[in-house]
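All remarks here apply to the structure that follows.
When reading the values below, keep in mind they use all heavy atoms of this one structure, side chains included, and skip hydrogens, waters and symmetry mates. Note that the coordinates shown come from a computational prediction; the quantities given were computed from them, not determined experimentally.
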Amino acid sequence: MSKVCQSKDLEALLQRKGLLVQACSQNVEFTGICNNSKEAKCGDLFVCKGMAFKPEYLKMAAERGAVIYMAEQKPIDIVDLPYILVSDVRKAQSVLARWFYDEPSNSFRLVGVTGTKGKTTTTHMAHAVMNAVYGRETGLISGVTCSVGSEVEAPHISTPESLELQYFYSLARQNGLPAVTSEISSQAYNVDRVYDQPFDYGIFLNIAPDHISDYEHPTMENYLWCKIKLLENSDVGIICRDTDYFDTVYNAAKAKCRRVCLVGEAEDCDYRFHNVEKRKPAGYTFLVTEKETGETHPYAILMDGVFNIKNAVAAIAVGRMEGGDPAAIADALRDLTVEGRGDVYVGGGVTVIVNYMHNGISCQAVLEALEKDYPDTHKVVMIGIGYRRSPTRVDDIARICSKYADHCYFTVEDPDTDDPVDIVNRLEKAAVGGKAKITKEPDRGRAAERAVWEAPDGAIIILAGKGGETTHKINGVQEPYESDPGIAKRVIAMREAAKAKQK
């Protein structure tokens with residue numbers, strides 16, 4: 001039997017949240033919610049949202065059976081439907097979604113992860129840890145995976161729209177999952193996808209200048225504020241001790257969280273890692289000492305880059321506060337890999353690493369780690385930028401990659417309507433002064449092929465920016481893309497075949 005909701009009950013909730021501007025002239029029963037006119041069904045409440053919203057969308061929703069709509073202002077009299085007016089439709093949509101699905105996250109433990117770099121990796125690490133804690137599969141929602149106990153399509157963004165997110169949470173509850181780990185982007189707070197959503201644990205990894213543009217965050221202050229909002233909505237805040245703006249982040253957490261926990265190398269950390277040793281063929285072993293218990297436990301990870309140890313310790317902290325056994329947590333992390341976040345392919349005389357690094361801070365962290373672990377190795381980087389990326393991101397990526405790499409192949413990453421030739425020219429210009437040889441190749445697939453094929457024996461090649469993605473956005477269309485891992489494996493096989501012929 002379909003769920004039947006009353007508009008008067010929703011209006012009462014919106015009134016309590018300070019969002020209601022004008023109630024509907026009558027009580028209306030509705031059985032579904034949507035904001036995409038193409039997906040509207042009979043009995044739906046339709047949400048009019050988005051800068052690109054057109055009255056024609058509302059007309060289409062009405063024709064498909066919507067019985068009521070919610071908006072910030074009454075659209076042109078294109079339909080004769082009852083309506084609810086609100087002061088902020090994005091916030092109201094999030095409130096609506098949580099209410100419609102009966103606040104599903106109250107039925108399980110919810111972990112949120114934010115940071116300029118490392119969100120996806122840490123989300124997957126925390127998910128693995130929660131699986132170990134509960135001895136069964138738990139939920140995971142990230143930019144690459146959605147696993148909630150039912151088969152659903154993975155979102156194409158780090159944090160789904162509020163209607164979709166709450167639906168996923170409702171499936172997790174329906175399937176009896178004890179916990180869900182969600183990747184929470186700054187944009188999710190900037191456009192209120194998680195407005196009024198509480199978290200049991202909020203992990204704050206780091207912040208650095210990024211996503212500052214007319215199309216994302218207008219200022220660094222706004223970007224920081226959006227990141228901090230996760231902590232302000234969490235019961236327990238977990239903060240990496242070496243984050244920039246630490247005092248601001250810590251004080252905000254202390255003001256709102258029941259408990260604040262620090263992770264890192266510093267002596268004052270609640271979970272302090274030390275005695276780091278390089279692991280072969282990749283990763284590290286390390287110890288973690290817990291301030292509260294005084295206990296020290298051994299752990300290991302398979303991913304290179306010391307920053308991944310910090311990511312792991314943040315996940316370990318959640319698991320230990322949930323009562324997890326250290327040995328079980330260690331087993332969960334020891335051989336964990338995250339697609340596109342450090343995949344390693346060896347053969348044909350080279351090593352290829354597929355990494356999602358796509359901004360200055362992630363490029364710095366990855367390339368510094370490689371320089372430390374492989375100081376005398378020839379390094380090749382293939383990297384691009386996407387649609388409407390900020391000048392700061394372009395400059396940082398080009399400057400840092402040309403500083404550490406011996407050869408940079410500049411290309412694109414989901415250019416959409418931007419000119420690929422203009423993109424690679426901007427990167428080349430920003431790389432002036434670096435040590436790297438520069439090759440411009442606007443065709444991303446061709447750039448990846450060349451980077452692997454043309455590298456000298458013994459080189460380490462990084463294919464950066466898209467991870468395992470199999471589509472490429474060009475002129476508004478998601479075009480098929482072989483994927484960086486697919487190209488890496490194919491060209492390595494070509495190199496091996498060429499070497500076999502030479503023998």
Quiz prompt | Check against side-chain hydrogen bond (donor to acceptor under 3.5 Å, both in side chains), Glu183 and Thr123 | solution = CA-CA 6 Å; Glu183 183 176 345; Thr123 299; 4.6 Å; no
Quiz item: Would you say Lys54 has more than 12 foreign heavy atoms packed within less than 6.0 Å of its NZ?
Solution: no
Quiz item: Taking side chain as C-beta onward, heavy atoms only, is Trp99 less than 4.5 Å from Cys5?
Solution: yes
Practice problem: For residues Val28 and Pro82, report the shortest heavy-atom separation together with the two atoms involved. | Solution: CG2-CG, 3.6 Å
Quiz item: Which distance, rounded to the nearest 0.5 Å, do you find between the NZ of Lys227 and the OH of Tyr245?
Solution: 13.5 Å
Practice problem: Could you pull out the closest heavy-atom pair between Val249 and Phe204, with the gap in Å? | Solution: CG2-CZ, 3.7 Å
Practice problem: Taking only Lys NZ, Arg NE, NH1 and NH2, and the carboxylate oxygens of Asp or Glu, determine whether Lys437 and Asp406 approach each other closer than 4.0 Å. | Solution: no
Self-check item: Flag, side chain of Asn175 to backbone of Val148, donor-acceptor distance under 3.5 Å
Solution: yes
Quiz item: With His472, which of Pro480, Pro415, Ser483 fulfils side-chain contact (heavy atoms from CB on, under 4.5 Å)?
Solution: Pro415
Practice problem: Without swapping roles, check the side chain of Arg399 against the backbone of Ala430 for a donor-acceptor pair under 3.5 Å. | Solution: no
Practice problem: Quick one: pull up OG in Ser185 and NZ in Lys119 and give me the separation to the nearest 0.5 Å. | Solution: 6.5 Å
Quiz item: When rounded to the nearest 0.5 angstrom, what is the spacing between CG in Asn311 and CD1 in Ile203?
Solution: 9.0 Å
Practice problem: Tell me whether the guanidinium CZ or amine NZ of Lys3 lies under 6.0 angstrom from the six-membered ring centre of Phe100 and within 45° of its axis. | Solution: yes
Quiz item: Of the non-hydrogen atoms in Pro442 and Val412, which two are nearest, and what is the gap between them?
Solution: O-CG2, 3.4 Å
Exercise. Would you sort out whether Asn425 and Asp419 count as a side chain to side chain contact (heavy atoms under 4.5 Å, CB included), showing the intermediate values?
Key: CA-CA 10 Å; Asn425 286 340; Asp419 180 5; over 6 Å; no
Quiz item: So how far is it from Asn131 CG to Leu177 CG, rounded to the nearest 0.5 Å?
Solution: 9.5 Å
Quiz item: Passes side-chain hydrogen bond (donor to acceptor under 3.5 Å, both in side chains), Glu441 versus Thr411? Steps please.
Solution: CA-CA 5 Å; Glu441 177 52 75; Thr411 187; over 6 Å; no
Exercise. Find the distance between CG (Asp44) and OG1 (Thr31) and round it off to the nearest 0.5 Å.
Key: 6.0 Å
Quiz item: Are side-chain heavy atoms of Tyr195 and Lys229 found at a separation under 4.5 Å?
Solution: no
Quiz item: Have Tyr169 and Ser182 got a donor and an acceptor in their side chains that come within less than 3.5 Å?
Solution: yes
Quiz item: Rounded to the nearest 0.5 Å, how far apart are CD1 of Ile438 and OG of Ser402?
Solution: 5.5 Å
Quiz item: Any ion pair linking Glu56 and Lys59 (charged N to carboxylate O, less than 4.0 Å)?
Solution: no
Exercise. Measure the shortest side-chain to side-chain distance between Leu10 and Phe30 over non-hydrogen atoms and say whether it is less than 4.5 angstrom.
Key: yes
Quiz item: Ignoring hydrogens and geometry, is there a side-chain-to-backbone donor-acceptor pair from Lys379 to Glu371 under 3.5 Å?
Solution: no
Quiz item: Does a side-chain N-to-carboxylate-O contact under 4.0 Å join Lys499 and Glu496?
Solution: no
Quiz item: Who passes salt bridge (Lys or Arg N to Asp or Glu O under 4.0 Å) against Glu413, sequence neighbours left out?
Solution: none
Quiz item: What closest approach, in Å, do Val111 and Phe199 show between heavy atoms, and which atom pair accounts for it?
Solution: C-CD2, 4.1 Å
Quiz item: When you check the gap from the basic side-chain N to the acidic O, do Arg193 and Glu164 get nearer than 4.0 Å?
Solution: no
Exercise. State whether the side chain of Arg490 and the backbone N or O of Glu482 hold a donor-acceptor pair below 3.5 Å, judged by distance alone.
Key: no
Practice problem: Dump the intermediate steps for side chain to side chain contact (heavy atoms under 4.5 Å, CB included) on Arg495 and Asp457, then the final yes or no. | Solution: CA-CA 10 Å; Arg495 288 183 64 114; Asp457 283 356; 2.8 Å; yes
Exercise. Only pairs at least two apart or in different chains count here, so list each side chain to side chain donor-acceptor pair (under 3.5 Å) that has a residue in residues 196-206.
Key: Lys17-Asp196, Arg98-Gln197, Ser105-Gln197, Arg109-Asp200, Gln166-Gln197, Tyr201-Glu322
Quiz prompt | Met125 vs Val113, side chain to side chain contact (heavy atoms under 4.5 Å, CB included): CA-CA, chis, key distance, verdict | solution = CA-CA 11 Å; Met125 285 177 166; Val113 181; over 6 Å; no
Quiz item: Side chains of Tyr223 and Thr116: is there a donor and an acceptor less than 3.5 Å apart?
Solution: yes
Quiz prompt | Intermediate values then yes/no, side chain to side chain contact (heavy atoms under 4.5 Å, CB included), Phe410 and Ile423 | solution = CA-CA 9 Å; Phe410 287 143; Ile423 288 174; over 6 Å; no
Quiz prompt | Heavy-atom side-chain proximity of Tyr409 to Glu454 below 4.5 angstrom | solution = yes
Quiz prompt | Check ion pair Asp414-Lys466 (N to O, under 4.0 angstrom) | solution = yes
Exercise. State whether a side-chain donor-acceptor pair under 3.5 Å links Gln93 with Asn35.
Key: yes
Quiz item: With a 4.5 Å limit on heavy-atom distance, are the side chains of Lys403 and Glu368 in contact?
Solution: no
Quiz item: Considering the options Lys473, Arg444, Glu469, which one meets the side-chain hydrogen bond (donor to acceptor under 3.5 Å, both in side chains) requirement together with Tyr481?
Solution: Arg444
Quiz item: Quick check: does any side chain N or O of Asp304 sit under 3.5 Å from a backbone N or O of Gly283, one acting as donor and the other as acceptor?
Solution: yes
Self-check item: Short side-chain to backbone donor-acceptor contact, Ser170 and Pro104, under 3.5 Å
Solution: no
Exercise. Indicate the atoms forming the closest heavy-atom contact of Ser37 with Ala61, along with that distance.
Key: CB-N, 4.0 Å
Quiz item: Considering only heavy atoms from C-beta outward, does the side chain of Cys34 approach that of Lys41 to under 4.5 Å?
Solution: no
Quiz item: Is the number of heavy atoms from other residues, nucleotides or ligands within 6.0 Å of OH (Tyr167) greater than 12?
Solution: no
Practice problem: Compute whether any side-chain donor of one residue and acceptor of the other, for Asn359 and Ser362, lie under 3.5 angstrom apart. | Solution: yes
Exercise. Flag the pair Tyr356 / Lys117 as yes when at least one side-chain heavy-atom distance between them is below 4.5 Å, and no otherwise.
Key: no
Quiz prompt | Side-chain (His127) to main-chain (Thr138) donor-acceptor, under 3.5 angstrom | solution = yes
Quiz prompt | Beyond-backbone contact of Val354 with Tyr345, side-chain heavy atoms, under 4.5 angstrom | solution = yes
Exercise. Please name the pair of heavy atoms, one in Glu29 and one in Val67, separated by the smallest distance, quoted to 0.1 Å.
Key: O-CG2, 3.6 Å
Exercise. Could you list all the ring pair (Phe, Tyr, Trp, His ring centres under 6.0 Å) pairs where at least one residue sits in residues 36-56, not counting sequence neighbours?
Key: Phe53-Tyr57
